[in-house]
Amino acid sequence: MEIPSKYNSKDVESKILKEWLDKGCFNADVNTLKEPFCIVIPPPNITGILHMGHALNSTIQDVLIRFNRMKGLSALWMPGTDHAGIATQNVVERDLAKKGVKKEDIGRDKFLGRLWAWRDQYGTTILNQLKSLGASCDWRRTRFTMDDDYSQVVKDVFISLYDKGLIYRGNYIINWCPRCQTALSDEESAHREIDGWLYYIKYPIRRMTDDGRRTTEYVVVATTRPETMFGDTAVAINPKDERYKGLKGAKVILPIVDRELKVIEDEAIDPEFGTGVVKVTPAHDPVDFMLGKKHGLESINIMEDNAVLNKNVPQDFIGMDRFEARAALIEVLEEKKLIDKKEPYKISAGHCYRCHTIVEPRLSLQWFVKMKPLAKDAITVVENDEIKFYPPRWKKVYLNWMNNISDWCISRQIWWGHRLPVYYCRSCQSSAVSSQQEKAESGKQIADSLKGIIVSKETPQKCPDCGGTDIYQDEDVLDTWFSSWLWPFATFGKTTDSELRTPNSELNYFYPTNVLVTASEILFFWVARMIMAGLEFKKAIPFRNVLIHGTVRDSKGVKMSKSLGNTIDPLDIIEKFGADSLRFSLMLLAASGSDVYLSDDKFLVGRNFANKIWNATRFLFLKINESNFKIDSLELEIPDVIDKWVLKQLNDTIDRVNSELENNRINEATKAAYDFFWHIFCDWYIEIAKDNFTQSKAKVLIYTLINALKLLHPVMPFITEEIFQIIKQQTSLDLEDFMANSTWPVKAALSFDGEEAKILEIVIETIKTVRNIKTDLNLGTKKVALEVSLKKDDNKFWETNKGWIEKLTFSAKISFKSNLERVLYRNDLWEINLGIDDIDTKNFLAALEKKTNNLEKVLGKAIDRLANEKFLHHAAAETVENEKVKVKDLTLQVGRLKDLIKAFEGGS
RNA sequence: GGGCACAUAGCUCAGUUGGUUAGAGCGCUACGUUCACAUCGUAGAAGUCGCCCGUUCGAAUCGGGCUGUGCCCACCA
């Protein structure tokens, strides 16, 4: 069979992928003979297309899954997608808008029909892209957060929380996105600094002077959002603020509107800020809302859903957008000379995490989850390290957030999502709702009327309170994350109590899962909430480890994002270099938890390595076929010292890769496997084996190749699988069907003393030194004779191995002499000279001097150290011993170098 | 305002409990076509480990301070 000299990733990857999937290599089931290992994928949005962040995230998971699968665990990687409420609705709305259609035009049912159609058509795009990356998920199990089973769990959870009193409905200031026209949770409102102004506005004080005239006094308030002044119902000062002692009883007038404002005193007011007087707008600011509640102020909502000013503002401003209104208002105030001054000011404003519109804090009737009770246990399990974070610093971030957690607004005014399992009896609610609305508008706090609210999985037939049958469901849907937080157990379908008690139900077998792999961005959105949900509903942690990886950035360190146009498309990289190259490069670059800086050329490492692997294999079979060797077993015949050396190195590498992977240090594991393959196996073992290519060598080569490939398989699954298949074809070895399902390497039992192989280390050092000397002598790889004098008259090793030593030192031939005219290199076992007459001593001497100087410095330090009483007293015996060996060694080396210098200076 | 990181070769980064002559990849320089691989091989140059102080016999590693960079949280009106 011809093996091409260039590795063709494209053909190989599609072929291998198909075989894996056809044969169900990634299927994982309950198997009581095996230990379970489970990862649930962070479900990508159905609107998503694969980006580098996914590639990084998924590769890490795949490496861990493949490693554990090969180690013999029942390794399940649960795949699926998230319905992504707002994001998906926005996409489909935009589609409709192109045709000039608004969702209201076609109505809720039809619109949802469009959404489902969209999801059927595009919703699995990203999963197919993950497949081409090599993600070894159990694809049979692919879940969607709006699957029927899943939705049942969502409802169960809502009802359960409601029954426990952990879900409530109330009127509070929430983050409102005027573009998406829905409430958002605090987490969904991302704070960003924007340039703005701090306006100082004069509010007149109405007070009669003694002679009965109005004063012209005013008080100055500072605000960044002047347009909200139409909703002001008070001004506030700090009670300790001496400057405004007299203000308490005064009548402060809201300009333009000409409404009288209360003056309130509150400790919360910072006298240092602005003028120390603050306008209070309870319906449009969280702090003001709190003040309003405390001081019994009215709330005046001045905006429509789309942030256009409503009828509660002066005629001229009705219908203006909030920012338009701000500009218009400033103009009017300036005209009236009511602007004292304005200063440039950085405003930290919430932005909708879906459309980046500036969020409007707004008083609104929404549903909330009480978080403090849920957080309690979720804090404990992390404090006790029942759940561990990698890297561990995230533990603090998590705990800090959890300890300051606030309630979660879960209702969304969109159509795509899980509709709240909440029903209202029209007759019971009509009175309640209308009074609620009145109160909302008048700003009085609303006492939640539970009458006529029915929380139920099914549509109730009649109202339990009044028996009425005029019942309607709440229009809102739940926050997407209200379904995502159930992912680690809801993906196992119906999780009834009885199933929970069944010892080997899938849920009980695979849950708690082993590790969750994610970016830090969704630590609060998702990770923290999953921990709370797991503990609350399954009475157990959802995962044991949380592995948080870095952010993908461009070569300048800027976060990759579509809007900035600095992305590298992983599919392009797969197309150009192959999925293995992409994966390998990412794993090598992504040190645990640190950000990954990428540019196209970063992927060359992976491509080059894949090619190296390919060619090493190709060469082996070229030689094996040429020699007509039959490889039918990997029983090692009579390993020579070189075989023993490489096997020892392989064993060490297996240890290393195991321990690094077990500690989630994938980059270190990748590097160890890479170093072994390239710099031990290819650079030395294959090179040496070329010279004396025996059947025995061929076996060791194949044995080492298979095991080295297995170590690389989790990171580079395609090429390693392909070569595994080639090995099966080319040999009569009894191997598993797929490397993906093969056993992880175990160390070979070596029946020799590790010392025995050390001679090879000495030979390698000799070879490197000879090459080095030749370079210093400007000989490069020119072939010259190599003269060897053996100190211990035993030249057996050299006789059997001189062929490859000649080659690797680029020597014409090796000859043995008892005495050398000149010694260019010497160790305990032998001396070396090169058969050359004219030596360019200039470079050589310079190099020698430099080396000598460096070594002498190091030697000096070591000698000083050993002369130091305190060092001898404090340092570990081993350290002292090492130091002594070092001195001995260096003294020898320096001595040799000086001899050499003397010899060459004396004329060669 | 609070918190968390990071700062090592031109670039991107390793360096696990303090003790090797501080490493790798890319880039750079020189040489090279030796039965796989030029997506290769050989050799080399290149770092006062951000700055200061401290602990220690000994610090890239531990502690404190400073400078710079990045990130997160907060009711920054």
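Of the side-chain N and O atoms in A:K850, one or more sit less than 4.0 angstrom from OP1 or OP2 of B:rA46. A:N400 has no side-chain polar atom (N or O) that falls below the 4.0 Å cut-off from OP1 or OP2 of B:rC4. Using a 4.0 Å cut-off, some side-chain N or O of A:K396 falls inside it from OP1 or OP2 of B:rA5. Regarding contacts with the backbone of B:rA43, a side-chain N or O of A:R771 is found under 4.0 angstrom from either OP1 or OP2. Contact annotation: A:K886 reaches the phosphate of B:rU21 (side-chain N/O to OP1 or OP2, under 4.0 Å).
Residue-to-nucleotide contacts include a donor-acceptor pair under 3.5 Å from the side chain of A:K690 to the base of B:rA36. You won't find any donor-acceptor pair under 3.5 Å spanning the side chain of A:E272 and the base of B:rA77, going by distance alone.
Within the 4.0 angstrom heavy-atom criterion, only backbone atoms of the sugar-phosphate kind lie near A:N868; the bases stay farther away. Contact annotation for A:K807: base contact, defined as any heavy-atom pair under 4.0 Å involving a base atom. Across all strands, A:Q893 comes closer than 4.0 Å to base atoms (heavy-atom distances). Residue A:N772 is classed as a sugar-phosphate contact, given heavy-atom separations below 4.0 Å to backbone atoms only. A:E668 comes within contact range of the sugar-phosphate backbone alone, with a heavy-atom separation under 4.0 Å but no base atom that close. Across all strands shown, A:W804 has no heavy atoms under 4.0 Å from either base or sugar-phosphate atoms. Residue-level contact check: A:L198 touches neither bases nor backbone, having no heavy atom under 4.0 Å from any strand. Using a 4.0 Å heavy-atom distance criterion, A:D270 is classed as a base contact. As judged by a 4.0 angstrom heavy-atom cut-off over every strand, A:S348 is placed among the base-contacting residues. Looking at heavy-atom distances under 4.0 Å, A:K774 makes no contact with the nucleic acid at all. Within 4.0 Å (heavy atoms only), A:T223 reaches sugar-phosphate atoms of the nucleic acid but no base atom. Base engagement by A:L890 is indicated by at least one non-hydrogen atom pair under 4.0 Å involving a base atom. Counting any heavy atom pair closer than 4.0 Å across all strands shown, A:L604 reaches no nucleic acid atom.
Rounding to whole angstrom units, CG of residue A:L897 and P of B:rU21 are separated by 16 Å. We find that NZ of A:K861 is positioned 19 Å from P of B:rC57, with the value rounded to whole Å. Note: CZ (A:R865) to P (B:rU20) measures 8 Å, nearest angstrom. The CZ-P distance, from A:F525 to B:rC72, rounds to 12 Å in whole Å. Rounded to an integer number of Å, the gap from A:N778 CG to B:rG32 C1' is 14 Å. The NE2-C1' distance, from A:H679 to B:rC37, rounds to 14 Å in whole Å. Rounded to an integer number of Å, the gap from A:L399 CG to B:rC73 C1' is 14 Å. To the nearest angstrom, P of B:rU34 lies 13 Å from CD of A:E687.
Neither side chain, A:N238 nor A:D270, offers a donor N or O lying under 3.5 Å from an acceptor on the other. Using modelled atom types, one finds a donor on one side chain and an acceptor on the other under 3.5 Å when comparing A:E765 with A:Y825. There is a side-chain donor-acceptor pair under 3.5 Å between A:R618 and A:N615.
For the ring pair (Phe, Tyr, Trp, His ring centres under 6.0 Å) with A:Y7, the lone residue among A:F718, A:F609, A:W614 that qualifies is A:W614.
Under the Watson-Crick or G-U wobble criterion, with both distances below 3.5 Å, B:rA22 has no partner in any strand shown. Pairing for B:rU34 is absent, judged as Watson-Crick or G-U wobble with the two contacts each under 3.5 Å. As the counterpart of B:rG44, B:rC28 is assigned, both hydrogen-bonding distances of the Watson-Crick or G-U wobble pattern falling under 3.5 Å. Figure legend. B:rC49 is base-paired to no nucleotide; pairs are counted as Watson-Crick or G-U wobble with both atom distances under 3.5 Å. Remark: B:rG1 base-pairs with B:rC73; criterion is Watson-Crick or G-U wobble with both hydrogen-bond distances under 3.5 Å.
Cation-pi contact between A:K341 and A:Y200: present, with separation from the ring centre below 6.0 Å and deviation from the ring axis of at most 45°. Both tests do not hold together for A:K612 against A:Y674: distance to the six-membered ring centre under 6.0 Å, angle to the ring axis within 45°.
For A:F524, taking side-chain heavy atoms from C-beta onward, the closest of the listed nucleotides B:rU39, B:rA5, B:rC72 is B:rC72.
Remark: the backbone N or O of A:D288 is paired with a side-chain donor or acceptor of A:D285 at under 3.5 angstrom.
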